[in-house]
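Below, chains carry the letters A, B, ... as their sequence lines are ordered, and counting in each starts from 1.
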Amino acid sequence: MPDVLVASTRFGELQIADDELLELPSGLLGFETFRRFALLDHDGSGTYYWLQSTDEPDLAFLAVVPWPFFPDYEPEIDDDVEHALELTDAADAQVLCLVTIRAADDDPERTVISANLLGPVVVNLRTRVGAQVVLHDAKWPVRAELVGA
Amino acid sequence: MLVLTRRANQSIVVNGDIVITVLEVRGDQVRLGIKAPRHVTVHREEVHAAIEAENRQAAAAAAAPPLPRPPAAADGD
């Protein structure tokens with residue numbers, strides 16, 4: 001299958017190979033009609049990724065692999081979700097948490113970068129199909145600040 | 001909005017395949033049971049709204065500022 005070309009707003013013209021494409025059949029909450037994304041490693045480190053919509057050049061989400069920052073993170077994925085994503089092998093699963101960047105409430109000069117641990121995006125890397133899952137355990141914050149080394 | 005009044009143990013059928021049952025009414029809380037096909041997601045509204053709002057905020061990032069590096073692993077392998 002030929003590469004997909006996307007004239008993205010943030011990254012310019014992108015050529016997306018098959019193995020970088022993802023399908024989210026239900027999109028993301030609030031963005032249900034956007035189902036096709038490119039999964040791009042932000043800086044080659046395997047920590048941060050971009051989900052770039054291949055249908056809407058201006059739509060992209062920064063995401064982070066949660067465990068380097070939150071080693072105790074244990075998202076419980078329902079059987080129904082595992083079934084829908086055909087996740088029979090845990091090694092095929094990639095979990096990414098969407099990152100938001102905002103000014104701190106108490107200090108507009110300070111930028112707070114946080115990850116949504118309550119609504120992770122779970123991807124089956126083998127089938128290239130994913131979904132945003134809403135976890136049932138309220139202990140996972142929707143804004144978990146990323147604190148660096 | 002369709003408004004219906006139910007007692008405990010009464011139900012509502014949505015779309016022919018989703019059943020919402022009032023299990024118990026105690027004080028100002030209502031306990032609801034929801035039976036739905038596997039592909040249908042069901043969540044507390046405020047949780048759904050919070051994730052939607054956070055997604056919208058996430059979509060607004062035009063570019064990434066310098067991003068935090070993860071803390072080094074404690075066991076240093």
Side-chain angles (χ1 to χ4, degrees), chain A residues 9-11 25-32 34 42-43 45 47-48 50-51 53 56 58-71 78-81 83-84 97-102 111 113-116 118-119 121 131-136 138 141-143 145-149, chain B residues 1-2 8 11-77:
Chain A
T9 304
R10 292 166 185 72
F11 314 108
S26 302
L28 298 169
L29 270 67
F31 297 88
E32 286 82 2
F34 298 96
H42 169 64
D43 57 1
S45 66
T47 303
Y48 291 100
W50 283 93
L51 282 165
S53 168
E56 172 50 63
D58 199 34
L59 186 65
F61 297 87
L62 181 63
V64 68
V65 176
W67 289 286
F69 289 96
F70 310 103
D78 279 350
D79 288 347
D80 288 347
V81 173
H83 177 84
C97 295
L98 300 186
V99 171
T100 62
I101 297 160
R102 55 164 60 82
T111 299
I113 302 175
S114 62
N116 180 349
L118 187 59
V121 176
Q132 182 170 34
V133 174
V134 177
L135 298 178
H136 297 298
V142 78
R143 287 182 206 168
E145 186 170 354
L146 298 176
V147 180
Chain B
M1 178 183 276
L2 174 65
S11 301
I12 292 165
V13 180
V14 176
N15 204 45
D17 56 2
I18 297 164
V19 182
I20 302 169
T21 304
V22 178
L23 297 173
E24 187 185 1
V25 177
R26 199 195 293 190
D28 61 355
Q29 290 197 320
V30 178
R31 200 147 202 243
L32 299 169
I34 300 107
K35 270 199 276 205
R38 321 177 71 148
H39 64 274
V40 173
T41 61
V42 179
H43 297 293
R44 291 172 177 78
E45 185 271 339
E46 64 276 14
V47 172
H48 193 272
I51 301 216
E52 256 200 42
E54 203 66 14
N55 281 356
R56 284 187 216 290
Q57 176 84 45
L67 294 170
R69 302 317 319 166
D75 52 351
D77 58 348

Task: Where B:Ala58 and A:Phe61 come nearest, the two heavy atoms and their spacing - done: CB-CD2, 4.0 Å
Open item on the list: Does any backbone or side-chain atom of A:Ala60 lie under 4.5 Å from a heavy atom of chain B? Answer side chain, backbone, both or neither.
Closed with: backbone
Open item on the list: Report which part of A:Trp50 has an atom under 4.5 Å of a heavy atom belonging to chain B: side chain, backbone, both, or neither.
Closed with: side chain
TODO: With a 4.5 angstrom heavy-atom cut-off, could you sort out which part of B:His39 is near chain A: side chain, backbone, both or neither?
DONE: neither
Task: Portion of A:Val99 that has a non-hydrogen atom of chain B nearer than 4.5 angstrom - done: backbone
TODO: Go through the atoms of A:Ile101 and report whether side chain, backbone, both or neither lie under 4.5 Å from a heavy atom of chain B.
DONE: both
Open item on the list: Is it true that, when you exclude A:Asp79 itself, more than 12 heavy atoms of the residues, nucleotides or ligands shown sit nearer than 6.0 Å to its CG?
Closed with: no
Open item on the list: So if I take each residue of residues 44-55 of chain B and look for any heavy atom under 4.5 Å from a heavy atom in chain A, which residues do I end up with?
Closed with: B:Val47, B:His48, B:Ala50, B:Ile51, B:Glu52, B:Glu54, B:Asn55
Task: Under 4.5 Å from any heavy atom of chain B - which part of A:Leu59 - done: side chain
Task: Contact summary for A:Phe31 and B:Ala59, nearest pair of heavy atoms - done: CZ-CB, 3.8 Å
- [ ] Measure distances from B:Pro37 to the heavy atoms of chain A and classify the residue's part below 4.5 Å as side chain, backbone, both or neither.
- [x] neither
TODO: Can you see which heavy atom on B:Arg69 is nearest to which on A:Ser45, and at what distance?
DONE: NH2-OG, 3.2 Å
TODO: Determine the sole option in A:Leu29, A:Leu135, A:Val134 for which the side chain to side chain contact (heavy atoms under 4.5 Å, CB included) test with B:His43 is passed.
DONE: A:Val134
TODO: Against chain A, label B:Ala64 side chain, backbone, both or neither, depending on which of its atoms sit under 4.5 Å from a heavy atom there.
DONE: both
- [ ] Let me know if A:Val147 has heavy atoms under 4.5 Å from chain B in its side chain, its backbone, both or neither.
- [x] backbone
TODO: Using a cut-off of under 4.5 Å on heavy-atom pairs, state which of B:Pro70, B:Ala61, B:Ala60 scores highest against chain A.
DONE: B:Pro70
Open item on the list: At a 4.5 Å cut-off on heavy atoms, which part of A:Ser53 comes close to chain B: side chain, backbone, both, or neither?
Closed with: neither
Task: For the student: nearest non-hydrogen atoms of B:Pro71 and A:Pro68, plus distance - done: CD-O, 3.6 Å
Task: Residue among A:Thr47, A:Leu62, A:Asp43 satisfying side chain to side chain contact (heavy atoms under 4.5 Å, CB included) with B:Leu67 - done: A:Leu62
